[in-house]
Amino acid sequence: MAAEKETVKKEIETAVDQAREDLIQLSHSIHDNPELGFQEHKAVEFISSFLGKYGIQTESGYCGIPTALKAERKIGTGGPVIAFLAEYDALPGIGHGCGHNVIAACGAGAFLGLLKVMEQNQIAGEVKLIGTPAEEGGAGKAILLERGGFEGVDFALMMHPTGGGEKYNYINRGGRASSSLEVSFTGKAAHSSVPALGINALNAVISVFNQIDMLRPVFEVQDNVNGVILEGGVAANIIPELARAEFCVRAETKKRLLELVELIKGCIRRAESLTGAKASIKERPVYAERYPCLPVCMAFQGNMERLGIKMCLPEPGKLFGSSDIGNVSIKIPAIHDYLSITDDESIRAHSAQYAAAAVLPQADEICVKGAKGLAMTGLDLLLDERLRQDAKAYHQSVIPDYYKAGC
Ligand SMILES: [Zn+2]
Ligand SMILES: [Zn+2]
């Protein structure tokens, strides 16, 4: 079987190489037409026509989300269900500053490559491509999960581009839980010469900031609250009637995150009673912390190594950002490993420079190699029952019990 697997991996390389130009074109088309979360209609169209060229039909509007997408094929009977995930949303103002065009190309290429060798060799199992919109702020994967979009999936595989060279090619990188909430205070305008006639909404916002700062000594190491004032009045000679602020909250777990959100809501209630301004709160979706599935990450690392790309584990204790893959990783063994698209350490994600790098030859090469590595990892899961068992056992061992109870 081992020798056979090696042969099939070579076939994956050939299959992805044959689609090389189309994959790079897919990445560039998405990149050159940046669309914000839930508006990625062109991206969905580009992926659909890419797969259509290879005779694969896609379903857009998956789970009732217009810019979610699914393609799937089942070969033989039985076997696991492997899903490759594709993101394709851009950032306001800077386009593909998170390089999601590369994720889309890797996911679509992996789906195509694995499907081809499953067909050629009659390998039983099911392979899916799930296009997940709005990673940047809309938590598309969390919504898909709620609507059953990952039902029946045994393993979810994706990559994410990074920068700075090989030493940032992390496998098994975690991510904190995050969310944000926006508060609007409505007071009463008055002439600033007679402030007692008004209700100062800006004072309420300032009070929330001050109360949060007073609470910082009780924060845990991974707790992180950052706020901005979105609106704080119109002129200094008017008592502000309306003031708005937004707070981004991060914590080690979703459980802790929800506690922090409650703390902030307590600050808002006290600000209301101090000032008389009335608050209304908008809560954004919760991005859960991430539980990468180490055995599958290691299989991916091995496959990337054979393609000439070294990957490593991140330093322990480092603070990282968040993604909606966390929500998926709680339910299903999942990987979200990082491949650098530029050696320049000064180029950081979420910048215009990073967006420019996301279509340079190095990024194009990652579209191809990432697709191969993901497809090979899918193959490992299809052929290696021991890896599947290890992955499922590992997943069970790292997910806290309160999630298993349905929290
Ligand atoms: Zn991002
Ligand atoms: Zn991203």
Side-chain angles (χ1 to χ4, degrees), residues 26-27 30-31 33-40 43-44 47 67-69 84-108 110 130-144 156-164 168-180 224 226 246 248-250 284-290 292 297 300 314 318-329 334-342 347-360 362-363 366-367 370-371 374:
L26 173 64
S27 163
I30 293 173
H31 182 274
N33 293 275
E35 298 164 300
L36 299 181
F38 298 123
Q39 296 166 33
E40 313 96 322
V44 167
I47 295 171
T67 57
L69 167 151
F84 298 108
L85 310 190
E87 293 173 5
Y88 30 69
D89 58 324
L91 292 158
I94 53 170
H96 276 286
C98 206
H100 292 182
N101 54 304
V102 176
I103 303 180
C106 284
I130 302 179
T132 64
E135 188 278 330
E136 304 280 1
K141 293 183 196 66
I143 300 168
L144 279 168
L157 314 183
M158 68 176 291
M159 58 75 71
H160 196 293
T162 186
Y168 296 100
N169 284 344
Y170 292 144
I171 59 160
N172 206 52
R173 206 203 88 176
R176 281 184 285 176
S178 79
S179 187
S180 66
N224 178 212
N226 186 61
E246 185 176 9
C248 178
V249 190
R250 293 179 203 274
R284 302 263 147 67
V286 175
Y287 287 66
E289 73 278 16
R290 192 182 316 169
C297 291
F300 181 64
K318 250 183 131 181
L319 300 179
F320 292 116
S322 317
S323 165
D324 53 8
I325 190 66
N327 304 58
V328 177
S329 75
I335 68 165
H336 179 282
D337 293 328
Y338 292 81
L339 296 170
S340 175
I341 57 165
T342 169
I347 299 181
R348 310 302 294 239
H350 286 213
S351 67
Q353 292 86 344
Y354 195 84
V359 277
L360 293 180
Q362 202 173 341
I366 290 301
C367 292
L374 286 172

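Counting starts at 1 for both ligands and their atoms, following the listed order. For reference, positions follow the sequence shown, starting with 1. Everything numeric here is computed off the predicted structure, so don't read it as measured data.
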Inset, instruction - Check all N, O or S atoms of Glu136 and name the one closest to the Zn ion (ligand 1). - result: OE2
Inset, instruction - Compute whether any side-chain donor of one residue and acceptor of the other, for Arg250 and Ser322, lie under 3.5 angstrom apart. - result: yes
Legend entry - Aromatic ring proximity His31/His100, centre distance under 6.0 Å: no
Inset, instruction - Determine yes or no for a side-chain-to-main-chain donor-acceptor pair under 3.5 angstrom, with Tyr88 supplying the side chain and Thr67 the backbone. - result: yes
Legend entry - Minimum-distance atom from the Zn ion (ligand 2) among N, O or S atoms of His100: NE2
Inset, instruction - Could you tell me which N, O or S atom of His160 is nearest to the Zn ion (ligand 2)? - result: NE2
Legend entry - Any donor-acceptor N/O pair, Asp89 side chain to Pro133 backbone, under 3.5 Å: no
